[in-house]
Amino acid sequence: MKCCCFGASDRMSNKRASANQQHEDEHHPLGSVKNFSYNELKAATNNFNASHRLGRGGFGIVYKGTLRNGVQVAVKALAAESRQGVREFMTEINTISNVRHPHLVELIGYCIHDSNRILVYEYLENNSLDRALLGPKSTNIKLDWEKRSAICMGTAKGLAFLHEELVPHIVHRDIKASNILLDKDFNPKIGDFGLAKLFPDNITHISTRIAGTTGYLAPEYALGGQLTLKADVYGFGVLVLEIISGRSNSSSNWDRKDKLLLEWAWQLHEEGRLLELVDPELDDYREEDVTRFIKVAFFCTQALASRRPLMSQVVEMLSRNIRLNEKHLTAPGFFQDSVGSSGHPSDKKFSEESTSYQMSSAPISYTQITPR
């Protein structure tokens with residue numbers, strides 16, 4: 001049977017809450033998440049000791065903490081001086097306070113104390129995919145193909161849930177390796193919803209300020225602020241290439257400094273040398289599976305948003321041994337932020353329009369998937 005397009009688709013109240021905190025609580029419905037006291041989180045992290053630091057996010061630092069009941073948590077403390085961070089802080093709470101899914105990081109609680117804004121998440125033992133796969137070799141974890149493919153699949157399922165099952169839908173806007181966290185069994189969970197947007201069914205796109213990380217932004221969003229769910233699809237496609245290659249698309253820390261990872265991958269595809277993209281440390285995999293994942297990544301990063309699949313379709317493309325019709329597969333769209341002498345973008349929050357980009361001019365078309 002042929003499928004059209006790409007396939008089938010707790011609140012503890014503080015006895016001495018400040019008037020400011022009460023005001024914010026009244027204006028921001030925070031669902032069922034727990035309201036922690038600042039002293040409780042201070043004790044849990046040993047006064048936010050540097051030895052408890054797990055990493056730095058876009059607007060603050062994440063610490064490992066242990067609550068009085070022994071439960072380990074990840075405590076995300078926003079930088080006090082970040083006015084922008086307060087907005088993202090409230091967005092993150094309001095967006096995911098009642099959302100539960102196996103591949104989404106669970107928000108446990110929050111704290112608003114004077115200038116402090118803190119989020120408390122479930123603790124995930126293997127930190128981020130960025131550290132496990134793309135960090136310094138001394139911190140890298142051996143990820144075989146089974147783990148890597150499962151990370152791709154789990155992330156795809158999490159995005160499909162956000163895009164198609166939740167009402168209203170949610171577009172994450174910052175899908176990248178550092179926002180994919182790994183539990184003790186290396187199951188992926190999407191985190192950091194500070195830039196997320198609600199996306200009602202009755203609109204085609206949102207015109208909004210550009211936010212996200214260079215190297216992962218879809219061209220139509222980076223260049224014109226036209227946000228759709230397909231922006232996440234693009235970021236996912238880039239992520240898949242990183243997982244397979246063990247290289248970062250937004251880092252110049254590899255030997256192809258003149259090209260983005262996405263550019264290089266497409267060049268290899270055109271030259272029939274696609275498997276050269278595979279991480280040299282990945283030595284036990286089926287070539288046809290890896291090749292299929294790479295080509296799915298190309299479908300996800302098509303220049304025109306309308307040519308990219310829905311995430312439910314991506315899940316099917318990754319999970320089934322199917323033949324992808326590549327006749328309508330065109331060069332991926334990408335842009336380069338003009339920073340640095342090499343023109344290669346750095347891994348930073350994107351706030352201005354790009355000055356260098358590539359867009360495909362191929363007409364919109366559909367791709368058929370035929371079971372093998």
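Hydrogens, waters and symmetry mates play no part in the numbers below; they use all other heavy atoms, side chains included.
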Next item on the list: Go through the steps to decide whether Ser37 and Asn39 satisfy the test side chain to side chain donor-acceptor pair (under 3.5 Å), and finish with yes or no.
Entry: CA-CA 5 Å; Ser37 71; Asn39 287 338; 5.7 Å; no

Notebook entry, point to check: Can any side-chain N or O of Asp232 pair as donor or acceptor with the backbone N or O of Leu229 at less than 3.5 Å?
Noted result: no

Next item on the list: With the side chain counted from C-beta on, respond yes when Thr301 and Leu262 share a heavy-atom pair under 4.5 Å apart, and no when they do not.
Entry: yes

Next item on the list: Decide yes or no for Phe161 and Ile170: does some side-chain heavy atom of the first lie under 4.5 Å from some side-chain heavy atom of the second?
Entry: no

Notebook entry, point to check: CH2/Trp264 to CG/Leu241 distance, rounded to the nearest 0.5 angstrom?
Noted result: 10.5 Å

Note to self: Quick test of your reading: applying salt bridge (Lys or Arg N to Asp or Glu O under 4.0 Å), list the pairs with at least one residue in residues 148-157, sequence neighbours left out, ordered by first then second residue.
What the structure shows: Arg148-Asp279

Margin query: Show the nearest heavy-atom pair for residues Gly237 and Ala297, with the distance to one decimal.
Written below: O-CB, 3.4 Å

Margin query: Treating Asn179 as the side-chain partner and Asp174 as the backbone partner, does any N or O pair qualify as donor plus acceptor under 3.5 Å?
Written below: yes

Margin query: I'd like to check Met317 versus Arg292 (side-chain heavy atoms, cut-off strictly below 4.5 Å). Are they in contact?
Written below: no

Check: Which residues satisfy the side-chain contact (heavy atoms from CB on, under 4.5 Å) test with Glu270, sequence neighbours excluded?
Finding: Trp266

Next item on the list: Could I get the full list of side chain to side chain donor-acceptor pair (under 3.5 Å) partners for Gln72, not counting sequence neighbours?
Entry: none

Check: Less than 4.5 Å apart, any side-chain heavy atom of Arg173 and any of Val171?
Finding: yes

Checklist line | Closest heavy-atom pair and its distance - Lys147, Lys142 | finding: CD-O, 4.3 Å

Check: With sequence neighbours left out, what residues match Arg286 under salt bridge (Lys or Arg N to Asp or Glu O under 4.0 Å)?
Finding: Glu288, Asp289

Note to self: Given 3.5 Å as the limit, does a donor-acceptor pair link the side chain of Tyr234 with the main chain of Gly333, or not?
What the structure shows: yes

Item checked: Distance (rounded to the nearest 0.5 Å) between Lys42 NZ and Asn49 CG -> 12.0 Å

Check: Within the distance-only criterion (no hydrogens, no angle test), does the side chain of Glu316 pair as donor or acceptor with the backbone N or O of Ser312 below 3.5 angstrom?
Finding: no

Margin query: Could you report the tightest heavy-atom contact between Leu261 and Ser245, atom names first, then the distance?
Written below: CD2-OG, 3.5 Å

Margin query: According to side-chain contact (heavy atoms from CB on, under 4.5 Å), who are the partners of Ala156, at least two apart in sequence or on a separate chain?
Written below: Phe236, Met311, Val314, Val315, Leu318

Notebook entry, point to check: Hey, mind stepping through Val75 and Val62 against side-chain contact (heavy atoms from CB on, under 4.5 Å) and telling me if it holds?
Noted result: CA-CA 5 Å; Val75 180; Val62 182; over 6 Å; no

Next item on the list: Please identify each residue that fulfils salt bridge (Lys or Arg N to Asp or Glu O under 4.0 Å) with Glu165, with sequence neighbours left out.
Entry: none

Notebook entry, point to check: What residues, two or more places apart in sequence or in another chain, satisfy ring-ring contact (aromatic ring centres under 6.0 Å, His included) together with Phe293?
Noted result: Trp145

Notebook entry, point to check: With sequence neighbours left out, which residue pairs that include part of residues 180-190 fulfil the side-chain hydrogen bond (donor to acceptor under 3.5 Å, both in side chains) condition?
Noted result: Glu122-Lys189, Asp183-Asn187

Margin query: Looking at every non-hydrogen atom in both residues, tell me the closest pair between Leu54 and Arg131 and how far apart they are.
Written below: O-NH2, 2.7 Å

Note to self: side-chain contact (heavy atoms from CB on, under 4.5 Å), that's the test. Do Val33 and Tyr110 meet it? Break it down for me.
What the structure shows: CA-CA 7 Å; Val33 296; Tyr110 70 100; 3.7 Å; yes

Check: Does some side-chain heavy atom of Val73 sit less than 4.5 Å from a side-chain heavy atom of Ile108?
Finding: yes

Item checked: Residue pair Glu271 / Glu276, side-chain heavy-atom distance below 4.5 Å -> no

Item checked: Residue pair Phe299 / Arg308, side-chain heavy-atom distance below 4.5 Å -> no

Next item on the list: First locate atom CD1 of Ile244, then atom CD1 of Ile294, and finally report the distance between them rounded to the nearest 0.5 Å.
Entry: 4.5 Å

Check: Between Glu125 and Lys64, is the closest basic N to carboxylate O distance under 4.0 Å?
Finding: no

Margin query: Going by the rule ring-ring contact (aromatic ring centres under 6.0 Å, His included), which residues pair with Phe48 if we only count those two or more places apart in sequence or in a different chain?
Written below: Tyr38, Tyr63

Notebook entry, point to check: Any idea which heavy atoms bring Ile151 and Pro188 closest together, and the distance?
Noted result: O-CG, 3.5 Å

Checklist line | Any residue meeting ring-ring contact (aromatic ring centres under 6.0 Å, His included) with His163, in chain and number order, not counting sequence neighbours | finding: none

Next item on the list: Looking only at non-hydrogen atoms, find the nearest pair between Tyr216 and Ser248 and report the distance.
Entry: OH-OG, 4.0 Å

Next item on the list: Drop me the distance from Gln313's CD to Cys300's SG, to the nearest 0.5 angstrom.
Entry: 10.0 Å

Notebook entry, point to check: Out of curiosity, Leu181 CG to Ile190 CD1, how far, rounded to the nearest 0.5 Å?
Noted result: 10.0 Å

Next item on the list: Mind checking the OG-CG spacing from Ser149 to Leu143? Nearest 0.5 Å is all I need.
Entry: 10.5 Å

Note to self: Can you confirm whether Phe36 sits close enough to Ile118 that some side-chain heavy atom of one is under 4.5 Å from a side-chain heavy atom of the other?
What the structure shows: no

Checklist line | Sequence-distant partners of His52, ring-ring contact (aromatic ring centres under 6.0 Å, His included), two or more places apart | finding: none

Checklist line | Centroid separation His172 to Phe193 less than 6.0 Å | finding: yes

Check: Distance-only, no hydrogens or angles: does the Arg117 side chain make a donor-acceptor pair with backbone N or O of Asp114 under 3.5 Å?
Finding: yes

Next item on the list: Mind checking side-chain contact (heavy atoms from CB on, under 4.5 Å) for Ala177 and listing every partner two or more places apart, or none if nothing turns up?
Entry: Leu129, Asp130, Leu134, Leu239, Glu242

